[in-house]
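The next block holds one structure in the form of structure tokens; read it before the comments.
Note on naming: letters A, B, ... go to the chains in the order of the sequence lines (proteins, then strands), and numbering restarts at 1 for each one.
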Amino acid sequence: MKRLAIWFAGALLALCAALPSAAQQPLKIGFGMSLTGPLAGNGKAALIAMEIWREDVNARGGILGRKVEFVYYDDQTNPSTVPSIYNKLLDVDKVDLVVSGYGTNVIAPAMPIMMQRQMTFMGLFGLNVNSKFDYDRYFQIMPAGPEPAIGWTQGYFDTAMALNPKPATIALVGADAEYPALCLAGAREQVKRTGLKVVYDKTYPPNTVDYSPIVRAIQANNPDLVYVCSYPPDSAGIIRAANEVGLKARMFGGGMVGTQFAALKTQLGPLLNGLVSYESYAPDVADKFPSVAPFLEKYQARAAKEGVDPLGFYLPPYAYAMMEVLEHAIKGVGSLDQAKIADYIHKNEFVTYVGKVRFAKNGEWSVPRMMTVQYHGITGNDLDAWKKPGHVTVLAPAAYKTGNVATPFQDNRK
Amino acid sequence: MSEIPTALILNAIIAGLLLGGFYAAVSVGVSISFGMLDVVNIAHPAFIILGSYIAYIVNDRFGFDPIAACVLLSPLFFVLGLAIYRVYYLCFEKRGQESLRGLAFFFGILFITEVALVLVFGVDYRAVRTGYSDTTWRLGPVDFPLRLVVPFAVSVTMVASIEMFLTRTFFGRAVLAVAQDALALRLMGVDTLRVKERAFALSIATAAVAGSFLIVIQPVQPAIGREYIGLVFAVCVLGGMGSIRGTLAAAFILGLAESFTATFAGPSWAPAVSFGLLLATLALRPSGLFGR
């Protein structure tokens, strides 16, 4: 009887020892995401990509033997909601890791909290956020390069300054908001470097309805180049106004958010011809991004059901890649030690769905890779046309270049 | 004066008037509900966005012109307005709790409408396609973009019709009488609830048409209506509470102010100039331009 009791007690102890690993707590990753508000289309698209990653990683057995769970809240595309969201994630939900929501406007207000809590913070498409914080545990998946404001605008200005004859004047315009302000700051820096003369430099309120007075004022100054930093509704309004006014600039475009998404591509259709904008992926250079096409198949099937960007070229592959970097870093370190994770990300190169990623000291990509493109040959408003090569000429960077810019802007519309 | 400034001035005038036409359409409903009936319908922009999405559906699925479709479907919004006012009256106005709780009620409707649109349509931007969206008429140096001209023409027709209806019909005069002295009207045996209910419903019906204008002019997403709350109340107050004529005039004034500021000073000054005009007008004429 005594032997049986000892045997039973031993078995119980063994079972107790085994229990923690069998009932491992999930690894919780927290974030705010724009699920309503002006940038909700991008936020939801990013969320789909992150969910695909979560399913993939859990199918591989999770991270550190723990299944991955997301805890996220809608930031309503409103920066003022962000601090309370991240405080709640860290204090109440007790998440293990945090990543950012989409865009400069919601990344910047999270930074002081990340710095105070010493958290490693992966950012999803924030422009030059770390320039004011200089935080050594911040990393940005947007390929804007180590000098983001410069890298973001480099392709446009390199292309413009290669024109013959060289352009002499430029108009700068953007919305009164965080991203356009940083984008315009980069453009102004480029203007200094290139010696262009600024003939118009204004901002507009984000709720502007009619952009034709702005475009007419630009036209009156007769600039060679027009550089615009805008959000989706203003991008559409400015492009329509440029069409109505008959803008005569040699190059028109810049950092226009929205032209990357199916909603504006199909809405504007032929009005996009001649516009110089930016893209992070295009079917015309699919061979340079071998992992993106299979990912997009998964993404597009879900996006169609959820009523978000059915193309998903711009943001979703990078949202997936952001999570891949985090996954590789944790596995590399073998723990959730924030300092070690940040150190690992600084020191290593990561192979992701969007290619090889290495981060500079300030957490930005070590080499800029956002593509400057020009749209052409669009005849209708069909979405399928954008799924095939033929409407996007990549102008920069050189490694991805597929052709030269066609100028003046209006000639592309004939 | 050189040729370019003349063209700029002419274009600024036309752009301002066209923009004013749109502002009149989005504000006339608030002018009726807030200005005449004293119902602070803060949810009016949400009904405008609802109108935009109705326009989107009929355009996307059936290829109908969004503005024509919304004019035809505005009776549905009228019925919706009847139902909303009935709830508002029974829950708040009848109990004398319309001031603060009524405001919360309309805030609630604003958010519920937005969330419902998100759930049904998703959060992506929606736009319509019409035969005239990308067409611009040119008269000498002056441009007339049809995506603004068509809403302008329909808006002015709608606002003028409402003004005629209110001033030249028995029911319209009853609405104006309710705005002036509801108690006196009740003492004369008029069912003021019925009058207010229908007038409120009319204000919601105008939102359907204004919504179709909005989606013709720019892409919309469910929360975009919030951006117009300040504007519609500014137009209503500047024009004079309850004056349809004043609403039209104020809309043109703000449209012209915005257009001229954007053209000659810088677009970021446009809100300051518009609201500066509002403040100056209220300082000199507290009841607004056409207020009594």
Side-chain angles (χ1 to χ4, degrees), chain A residues 34-45 76-77 173 175-176 200-217 219-222 232-237 240-241 243-246 258 261-264 266-271 303 305-310 381, chain B residues 4-5 7-8 11-12 14-16 18-19 22-23 26 114-115 117-129 133-136 138 143-148 214 217-224 226-228 230-231 255 258-272:
Chain A
S34 302
L35 304 178
T36 55
L39 296 178
N42 311 356
K44 279 209 163 182
Q76 302 166 40
T77 324
V173 65
D176 285 321
Y200 183 97
D201 187 353
K202 308 270 187 199
T203 58
Y204 55 82
N207 63 347
T208 301
V209 174
D210 182 20
Y211 292 86
S212 55
I214 299 171
V215 175
R216 272 199 199 88
Q219 177 83 304
N221 288 291
N222 202 22
D234 11 328
S235 297
R240 281 197 183 284
N243 176 59
E244 288 160 6
V245 171
F261 310 132
L264 257 64
T266 52
Q267 185 211 340
L268 296 171
L271 298 187
K305 287 180 199 158
E306 298 194 25
V308 293
D309 184 19
N381 301 82
Chain B
I4 292 173
L8 264 186
N11 276 303
I14 296 302
L18 295 178
L19 187 60
F22 169 69
Y23 285 170
V26 299
E114 279 181 20
V115 171
L117 289 172
V118 168
L119 291 174
V120 176
F121 296 100
V123 289
D124 219 355
Y125 282 90
R126 305 285 168 184
V128 291
R129 287 173 205 155
S133 289
D134 301 334
T135 307
T136 302
R138 291 205 161 79
D143 301 329
F144 293 87
L146 292 196
R147 77 186 164 97
L148 289 165
L214 179 62
I217 293 171
Q218 64 174 57
V220 300
Q221 49 87 13
I224 208 166
R226 292 184 209 179
E227 293 179 9
Y228 296 97
L231 174 87
E258 189 174 320
S259 174
F260 270 84
T261 311
T263 306
F264 297 106
S268 59
W269 286 99

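- The parts of B:Ala262 that come within reach of chain A are both its backbone and its side chain, each placing non-hydrogen atoms under 4.5 angstrom from that chain.
- With rounding to the nearest 0.5 angstrom, the CG atom of A:Asp210 is 5.0 Å from the CG atom of B:Leu148.
- Looking at A:Pro206, the atoms closer than 4.5 Å to chain B (heavy atoms on both sides) all sit in the backbone: N, CA, C or O.
- Residue contact with chain A, scored on non-hydrogen atoms closer than 4.5 Å, is absent for B:Phe144.
- Contacts between A:Phe261 and chain B at a heavy-atom distance below 4.5 Å are absent for every atom of the residue.
- With sequence neighbours excluded, no residue satisfies side-chain hydrogen bond (donor to acceptor under 3.5 Å, both in side chains) with B:Arg129.
- Smallest separation of non-hydrogen atoms from B:Ser133 and A:Arg240: O-NH1, 3.9 Å.
- Comparing B:Glu114, B:Arg147, B:Arg126 by heavy-atom pairs within less than 4.5 Å of chain A, the highest count is held by B:Arg147.
- Contacts of A:Asp176 with chain B are made by side-chain atoms alone, with heavy-atom separations under 4.5 Å and no backbone atom involved.
- Atom CG of B:Leu117 sits about 12.0 Å away from atom OG1 of A:Thr36, to the nearest 0.5 Å.
- Residue contact with chain B, scored on non-hydrogen atoms closer than 4.5 Å, is absent for A:Leu268.
- Proximity of A:Asp234 to B:Gln218: side-chain heavy atoms (C-beta onward) are nowhere separated by under 4.5 Å.
- Applying the side-chain hydrogen bond (donor to acceptor under 3.5 Å, both in side chains) rule to A:Asp309 yields no partners; only residues at least two apart in sequence or on another chain are considered.
- In this structure, the separation between CG on B:Asp143 and CD on A:Glu244 is 8.0 Å, given to the nearest 0.5 Å.
- If you measure heavy-atom distances from A:Thr203 to chain B, the contacts under 4.5 Å come from both the backbone and the side chain.
- Of the two parts of B:Phe121, only the backbone, made up of N, CA, C and O, holds a non-hydrogen atom closer than 4.5 Å to a non-hydrogen atom of chain A.
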